[in-house]
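Order of listing sets the numbers, starting from 1, for every ligand and every atom in it. Sequence positions, counted from 1, serve as the residue numbers for this chain.
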Amino acid sequence: MRESASWLAPGRVNLIGEHTDYNDGFVLPLAIEFGCRATVSPGPDGLLRFVSAQESEPVEVPVEGLAPDGVQGWAAYPAGVLWALGVDLPGLTVTVDSDVPLGAGLSSSAALTCSVAAAANDLLELGLSPRELVAVARKAENGFVGAPTGGMDQLASMLGEAGSVLFCDMRSLDVRPVRFALDDAGLALLVVDSNAPHRHADGEYAARRKACEQAASVLGVSALRDVTLDGLDEALAKLAPEPDGDVLVKRARHIVTENARVTDVVARLDAGQIREIGPLLTASHASMREDFEITVPEVDVLVEALLAAGAHGARMTGGGFGGCVIALVDNDAVAAAVRAAADAAAAHGFAAPRTFVTAPAAGAHAVDPSGAEPPRQPPVDTNASGAPDAG
Ligand code: GLA
């Protein structure tokens with residue numbers, strides 16, 4: 001066996017298509033410049049050792065103790081990946097170092113699981129394809145950590161491409177890179193982290209998932225993906241009389257309209273009409289606020305402020321209940337938008353947002369194990385007073 005293998009896997013921003021993944025629908029994420037670097041090397045017999053640059057204590061797990069519920073905290077993610085590989089494991093040391101902001105809805109967990117999956121696959125010479133690694137990373141989260149997430153994040157982290165968003169059909173798992181030529185259009189994609197504390201995000205996520213499954217079952221379809229915009233009124237009329245019918249109506253309406261917005265955005269991007277996706281992003285936010293009820297005042301205020309400052313479109317990205325807002329902004333309006341977001345948060349007594357400019361980055365790739373620092377180009381952070389620099 002080689003001495004070690006190192007892979008870098010990025011976090012992600014979702015341009016549009018929220019909570020559609022576990023409804024077999026469409027999503028349009030991009031990998032970002034923040035990522036996790038994982039190095040896997042042979043370790044003492046029978047022992048799995050997990051070391052993180054962001055944690056003070058390493059975690060050690062005997063190989064035979066590797067089972068769901070057997071590992072708690074951050075190490076459950078890399079341990080889950082090794083478990084999900086489903087092979088006899090030698091002793092291994094897994095070292096990770098991530099600069100993906102935690103709790104911001106930027107998929108720090110997918111960056112962690114995908115980088116470990118790819119590095120372990122490389123070191124152990126398992127020959128798994130990127131798509132098989134996506135499945136391993138997802139199995140780790142769903143089956144070991146116990147997070148019922150939908151699969152978009154791992155696809156984006158493994159398969160993301162610089163310069164493109166990734167159009168994913170979450171039923172067939174077909175993906176198609178769609179050119180997202182921000183520079184050519186004089187545009188910037190701004191990410192504004194609300195820094196809002198996540199409130200009951202896990203329980204609410206599971207509740208949304210359950211409501212969608214319930215709605216699909218009432219409608220006699222395998223997933224809400226099967227309801228189209230044309231059939232929406234009829235479907236909602238069937239859901240309304242159910243117990244909790246008003247909730248089911250709202251949840252289903254979000255998923256069906258959101259799937260349509262994703263395909264509309266793709267059509268506009270394919271036609272080179274990048275600015276024209278703005279209203280669809282904003283409509284997605286309204287749908288998440290009114291129908292899916294996953295936004296919080298902190299992100300709603302940011303969206304309004306960014307739009308008032310001239311953004312072409314703005315929406316919360318990720319699972320919700322806090323996290324980040326994205327905005328499509330003309331390059332020369334970025335500084336004003338950043339200031340407007342900071343001022344609005346301050347005026348409401350909310351935490352100061354943290355803003356950066358992003359663009360689609362490469363998905364998981366091998367990096368030099370000997371390099372002390374991951375060869376990344378983090379987006380330049382900005383603050384209320386300084387103009388951001390797309391770097
Ligand atoms: C989280 C999950 C994803 C997806 C989004 C919402 O990021 O991990 O699978 O469901 O929420 O779109």
Report summary line: The atoms of ligand 1 lying under 4.0 Å from a heavy atom of M152, numbered in the order shown, are 4 (C), 5 (C), 12 (O)

Query raised in the report: Does a side chain donor of either T113 or R138 reach within less than 3.5 Å of an acceptor in the other side chain?
Result: no

Query raised in the report: What is the minimum heavy-atom distance between V256 and L224, and which atoms define it?
Result: CG2-O, 4.3 Å

Query raised in the report: Is the gap between the ring centers of Y22 and Y205 under 6.0 Å?
Result: yes

Query raised in the report: How far apart are the closest heavy atoms of M152 and P29, and which atoms are they?
Result: CG-CG, 3.9 Å

Query raised in the report: Any N/O of G150 closer than 3.5 Å to an N/O of ligand 1?
Result: yes

Requested in this report: Quick one: look up the protein heavy atom nearest atom 9 (O) of ligand 1 and list residue, atom name and how far away it is.
Outcome: D21 OD2, 2.5 Å

**Report entry** Heavy-atom pair with the smallest gap, counting every atom of G17 and E258
**Finding:** N-OE2, 3.0 Å

Report task. Under 4.0 Å from a heavy atom of T149: give me the atoms of ligand 1 that qualify, with their elements. Result -> 2 (C), 8 (O), 9 (O)

Query raised in the report: Would you say E18 and ligand 1 have an N/O pair spaced under 3.5 Å apart?
Result: yes

Let me check something: any side-chain donor-acceptor pairs from residues 56-77 under 3.5 Å, sequence neighbours excluded? List them with distances.
residue, atom, partner, partner atom, Å
E60, OE2, R49, NH1, 2.5
Q72, NE2, D69, O, 2.9

Query raised in the report: Which ligand 1 atoms does G151 reach within 4.0 Å, using its non-hydrogen atoms?
Result: 9 (O)

Query raised in the report: Which residue supplies the protein heavy atom nearest to atom 10 (O) of ligand 1, what is that atom called, and how far is it?
Result: Y205 OH, 2.6 Å

Query raised in the report: Tell me, which protein residue and heavy-atom name are nearest atom 8 (O) of ligand 1, and how many Å apart are they?
Result: D153 OD2, 2.5 Å

Query raised in the report: Does an N or O from S107, backbone or side chain, lie closer than 3.5 Å to an N or O of ligand 1?
Result: no

**Report entry** Nearest neighbour in protein (non-hydrogen) for atom 7 (O) of ligand 1
**Finding:** R12 NH2, 2.9 Å

Query raised in the report: Which atoms form the tightest heavy-atom contact between L182 and T358, and what is the distance?
Result: CD1-O, 4.0 Å

